[in-house]
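Heads up: the structure comes next, in structure tokens.
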Amino acid sequence: MQNRFLFFILLTLGSRCVYAQASLEVTVSSLLYKKTLRGIRIYLQSSSQPSIDSTISDKNGVALFPNLRTTEKYRVFTKLTDEFDATEVIGVSLENNQKTTLALTLPARRQTVLEEIIITDVRSAKLNVQNAEGASVIGKKELQSLPIEGRDITRALVRLPNLSVSSLGYAEAPNVSINGINGIYTNYLIDGMDNNERFLGNVKFNVPVGFTESIQVLTNNYSAEWGNTSNGIVNVTTRSGSNQLTGEVFYLTRPGSIIDAKSPYPTLDLSGNPVKDGFQRHQLGVGIGGALKKDKTFFYVNFEQTYDKKDNLLRVPQLNINEIVTGRNSFSYFSTKLDHNWTPSFKSSVRVNVGSFDIARQGGGLEGGIVFPSAGAKIANRTYLVALKNSYVLKTNLTGETNYQISMFRWNYRQPDNPTSPSVTVQDPSGTAFATLGQTGAIFDDFEHTHHLQQKFTLRSGRHTLKAGGEFISSNFSLLGGGNQYGTYTVRLTQAQLDALKARNLGSALSINDIPRDVSVRTYDVELRPTTFGARQNVVSLYLEDTWNATDRLKIALGLRYDYDNLSKGGGTKGDFNNVGPRFSFNYQIHPQWVVRGGYGLFYDKIKYSIYSDNLQFSSNSTDFKKQLAELQRLGVLDPTANLDRITFPGNIRATASNVTYLAGPSYEQLQGRRNEQFSANLRVMNPNGFQNPYAHHVTVGVQHKPAAAYLLSVDLVHVATNNLFIIRNLNAPSPYPFTSDKDVKTRTVAQGDLTRPIPIRSDSRGAYAVAGRDTLRGIARNVFMTETAGITRYYAANFAFQKLKGNDKYAYRLGYTLSSIKGNAGESINVRAQDANNFDNEYAYHSNDRRHIINAMFAYYPWPSLMISPAIQLQSGQPITRLADAKVFGTTDLNGDGESFGYSADYYPGEKRNSDRLPWYKGVDVTVRYTIYIKNKPRLEFEGDVFNVFNTLNLSGFNATIGASNQFQVGPIGTPLVVRAAGPPRQFQFGLRYLW
């Protein structure tokens, strides 16, 4: 109720304020005398509206048009006067939340023999004469000309400088890395407002192509107006209606194995989940925009729907089951936007985005699995965002914005098909598991409600443009997590019971009730805390920036930004209040065709809520655990001033019970007394000293050259030094592994390693325990984890780009080359741990997303106006490999006896470091062919065919894959032949039909 009331109040305030999408600054000068002109009336007209706006150039020769729509093309012109001829510039486009500059040169009448209008078409390559930011913009037309799978706009981004395909920490993780760091460190925006699911940092609403006007990617040295990330920003500008009624209807399909090349390796669907034979995709959608009132109120509505069909194999030899289990994914996206012009200086916009998708986990497996449909589940995500964006002109040189957004995001990662059923793993007489039945087991159901308020002002005075503003983002989280509150059983059948079950021939319909009640129960546990928990995260940001036109050719920007995140308090009482980020940049046009630019900035990130949540969920406030922590304090391992009540929490713990009858195990209420004595392998505590916000130093320098109207050359050098990244320290780690030589490896058992911990772990007939003083402690943890912000990365890159626009030719192209390197001991996830004894110095190595070379080439060829052929080529250096210990050589994969391998299946191979080897190069060629039928000189019907991986190249890296399913870890030392467990997608086809009006 409170959320709805606040939204109503701000909607009411919308009658007083309006949203400025962009501005245009026109510098007027004399062609003859090469000086700026004051008092010249400049006219502006949009492509869809007959009305004409005008203003007069000031003493510096500048005419400013604020509050313009980025979805329009504009005509800028002057009229014939006694002194100057008329001049016109057509096709001017704007970028969202940016000031576009335009030079208008007026010829004196005595320069011309005829009274003529000088017309310039600005659809040419643009020098950046405004700032030094590392930025790229992909417009609607470019999106439609690139081969993009499933209309997923993020898949177009990997062709931009400083961006690459990302290794995935989890299946649904962001698929693009900026500056080599995990995509969860990127700030995702829609029309400049928050679009992050703030638990981990992924995209909250996947804006479809049909609702996208352009995508702006900021990688380095951007304005102080933008923040909440130490890395980069992806901002999607959405479409708006105009006076003309326009729209589209489309159908897109990927037929799948019927026509695709064959591959023994699985690929990923659009959500990042693996699929194989039997996969098909169907997409359809509609978009329509126009005017509710001409020149006043405009609308745009878009709906897109995607259906996936995917087959898994249920293979259980013990029951003679070999069945196909079919699952279906559904992705629904609804978007609408309403723009209203109250007055020429008073405009507003309301945007609504609603997303719903379900990803089936139907059971079985890609190559055969033992999960039965009764244990099926789905990932169920629900999203809505409602944004009210307003702008107003207070004076001719002062504009403002007041923007508000409310959003909800639900991430139900395992929504079971049988939510009230126990979980059952069934073993045959030998102890081999052959069936998983009932509920899925682990639960993760996250709710997030977020309010986002922005206030911005822009003041133009002489040669200075001042920006000031702030924002407040408040998110309330609620998580239901842990194990199954209805119990988890492992049971073992006798041969007679197995034979009887096999004779019933139940196939995939087997359920928990078909297992004999007198079956032997081997293990039983139950979740002790089947309730939600959460916290509120508040992030406050303020900024001030001055862009100074020092001369007609030199622009200098000086900015300062401040951010505070209340979660930085962690388990302490003081937050991180010193997040002051200065920013400086210059842009010097040394010649009409040459620009030199550079800058420095300090950028602060927010605290990932999952850091805070994990330290609650995986903690315990039992008496024994607090005694263990007190002993760590006495030993000097844990801060002796830490308040143990503040750093612990009654998190998710599973209690075990013995001598249990099948389906009659004790409930979680009956086992609550076990919480204090339940031993855990891992528990976490909140950092008593709080968290320091991650931050990064960005340094850039570059040059741009425009040799001709349609050509642009750019060279940029980039360095990003990131600090305070999230790592996990083990407060009860074993002593360092006594490694001497890879020729003489002496392994250490877990029992031996346990005795070297600060608090040794022992065991007796009752299980594991530790001794603190005179107390024998059982409700403790072998490992006590604490998150610290102490990780670092170092990124270096040189970007080269050469672009040719189509102009009057039949072709256009863009060539790009990035030479880069990223090293660090963090930044690949938020759960980075040292492989041995908290030795993070030994973890400093090339990142999993490191590429030495990335080469992109994109072409568009138009043999005739109705046909476009657009190949896209990408070459990448191979990603790094971590070499792991071989159990066949050493008798175990746990060489140091710590009982953990932290994200890998084994410890590092003796003598090898993390990511010390390389996979082969990635080589990809995709192509789009589009044929357009014109009716009355307007495009009406489009036929499109996309071919991905045209030459069916076997790529072992350079594609999205979770680390555990990729080729980025291999057993044996460098030189050992690769075991291929994954490969990039084979040749695949996609076909589309689109009708426009």
Side-chain angles (χ1 to χ4, degrees), residues 125 134-167 174-180 183 186 188 203 207 209 212 214-220 231-236 270 712-716 718 797-806 811-820 849-861 868-877 879 921-930 944 946-951 953 955 957-960 984-985 988 990:
S136 302
V137 177
I138 301 179
K140 180 173 55 179
K141 290 185 178 180
E142 292 174 280
L143 283 173
Q144 294 169 354
S145 65
L146 287 172
I148 302 176
E149 183 183 1
R151 291 169 65 92
D152 181 357
I153 59 176
T154 64
R155 296 176 187 271
L157 304 183
V158 296
R159 305 186 187 277
L160 301 178
N162 298 320
L163 280 78
S164 61
V165 173
S166 178
S167 294
N175 56 20
V176 175
S177 167
I178 297 179
N179 298 326
T186 299
Y188 301 96
V203 175
V207 184
V209 167
T212 300
S214 65
I215 310 171
Q216 182 183 35
V217 180
L218 305 174
T219 59
N220 309 102
N231 199 32
I233 289 175
V234 175
N235 183 27
V236 178
L270 294 179
L712 185 66
L713 171 68
S714 299
V715 180
D716 292 286
V718 175
N799 297 307
F800 305 85
F802 187 69
Q803 178 183 11
K804 182 204 177 294
L805 300 185
K806 180 175 178 294
Y811 63 94
Y813 59 82
R814 186 186 186 283
L815 307 177
Y817 169 61
T818 296
L819 174 66
S820 66
N849 288 320
D850 178 76
R851 274 86 162 174
R852 192 61 46 82
H853 309 279
I854 298 180
I855 301 171
N856 278 299
M858 294 168 283
F859 302 89
Y861 176 55
M868 181 200 73
I869 303 172
S870 180
I873 302 168
Q874 186 173 80
L875 306 175
Q876 300 177 22
S877 294
Q879 292 175 261
W921 276 58
Y922 169 90
K923 303 166 187 174
V925 179
D926 306 329
V927 66
T928 290
V929 178
R930 179 180 294 112
E944 178 180 323
D946 301 305
V947 187
F948 305 100
N949 192 4
V950 173
F951 298 108
T953 304
N955 289 306
S957 73
F959 55 92
N960 289 132
Q988 297 176 344
Q990 178 177 272

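All of these numbers come straight from a predicted model, not from anything done at the bench. Hydrogens, waters and symmetry mates play no part in the numbers below; they use all other heavy atoms, side chains included. Quick note: residue numbers are just sequence positions, from 1.
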Closest approach of [X] to [Y] (non-hydrogen atoms, all atoms of both residues):
{"X": "I873", "Y": "F859", "answer": "CD1-CE1, 4.3 Å"}
{"X": "A156", "Y": "L143", "answer": "CB-CD2, 3.9 Å"}
{"X": "G139", "Y": "S214", "answer": "CA-CB, 4.0 Å"}
{"X": "I854", "Y": "S164", "answer": "CD1-CB, 3.8 Å"}
{"X": "V209", "Y": "I153", "answer": "CG2-CG2, 3.5 Å"}
{"X": "L805", "Y": "A812", "answer": "C-CB, 3.9 Å"}

- Message: Could you go through F802 and L712, starting from their C-alpha distance and side-chain angles, then the distance that decides it, and tell me whether this counts as side chain to side chain contact (heavy atoms under 4.5 Å, CB included)?
- Response: CA-CA 6 Å; F802 187 69; L712 185 66; over 6 Å; no
- Kindly indicate, with the supporting measurements, whether the criterion side chain to side chain contact (heavy atoms under 4.5 Å, CB included) is fulfilled by N856 and L160. CA-CA 8 Å; N856 278 299; L160 301 178; over 6 Å; no
- Task: Evaluate salt bridge (Lys or Arg N to Asp or Glu O under 4.0 Å) for R151 paired with D946, printing each intermediate quantity in order.
- Result: CA-CA 11 Å; R151 291 169 65 92; D946 301 305; over 6 Å; no
- Can you check side chain to side chain contact (heavy atoms under 4.5 Å, CB included) on I855 and Q874, steps first, answer last? CA-CA 6 Å; I855 301 171; Q874 186 173 80; over 6 Å; no
Spacing of [X] atom [atom1] and [Y] atom [atom2] [to the nearest 0.5 Å]:
{"X": "T219", "Y": "L157", "atom1": "OG1", "atom2": "CG", "value": "11.5 Å"}
{"X": "F959", "Y": "Q876", "atom1": "CZ", "atom2": "CD", "value": "11.0 Å"}
{"X": "T818", "Y": "R852", "atom1": "OG1", "atom2": "CZ", "value": "13.5 Å"}
{"X": "Y813", "Y": "Y861", "atom1": "OH", "atom2": "OH", "value": "15.0 Å"}
{"X": "S820", "Y": "N162", "atom1": "OG", "atom2": "CG", "value": "8.0 Å"}
{"X": "E944", "Y": "S870", "atom1": "CD", "atom2": "OG", "value": "9.5 Å"}

- Query: Can D926 and R155 be counted as an ion pair, charged N to O under 4.0 angstrom?
  - Reply: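 Salt bridge flag = no for R155 with D926.
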Tell me whether [X] contacts the main-chain N or O of [Y] through its side chain, where contact means a donor paired with an acceptor under 3.5 Å.
{"X": "Q990", "Y": "G150", "result": "yes"}
{"X": "N955", "Y": "G924", "result": "no"}
{"X": "N849", "Y": "S167", "result": "yes"}

- Task: State which residues pass side-chain hydrogen bond (donor to acceptor under 3.5 Å, both in side chains) with D716; sequence neighbours excluded, sorted by chain then number.
- Result: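 D716 satisfies side-chain hydrogen bond (donor to acceptor under 3.5 Å, both in side chains) with R597 once adjacent residues are dropped.
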Taking side chain as C-beta onward, heavy atoms only, is [X] less than 4.5 Å from [Y]?
{"X": "N799", "Y": "V715", "value": "no"}
{"X": "Y188", "Y": "P174", "value": "yes"}
{"X": "F800", "Y": "S714", "value": "no"}
{"X": "D850", "Y": "Q879", "value": "no"}
{"X": "V234", "Y": "I178", "value": "yes"}
{"X": "K923", "Y": "N949", "value": "no"}
{"X": "W921", "Y": "L875", "value": "yes"}
{"X": "V929", "Y": "M868", "value": "no"}

- Task: On the 0 to 90° scale, with breaks at 30° and 60°, tag the Y817-H853 ring pair as parallel, tilted or perpendicular.
- Result: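 If you compare the ring of Y817 with that of H853, the planes turn out parallel.
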- Member of L163, N175, V176 meeting the side-chain contact (heavy atoms from CB on, under 4.5 Å) criterion with V158: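 When side-chain contact (heavy atoms from CB on, under 4.5 Å) is applied between V158 and each of L163, N175, V176, only V176 qualifies.
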- Does NZ in K804 sit with more than 12 non-hydrogen atoms of other residues, nucleotides or ligands closer than 6.0 Å?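 Counting other residues, nucleotides and ligands, NZ of K804 exceeds 12 neighbours.
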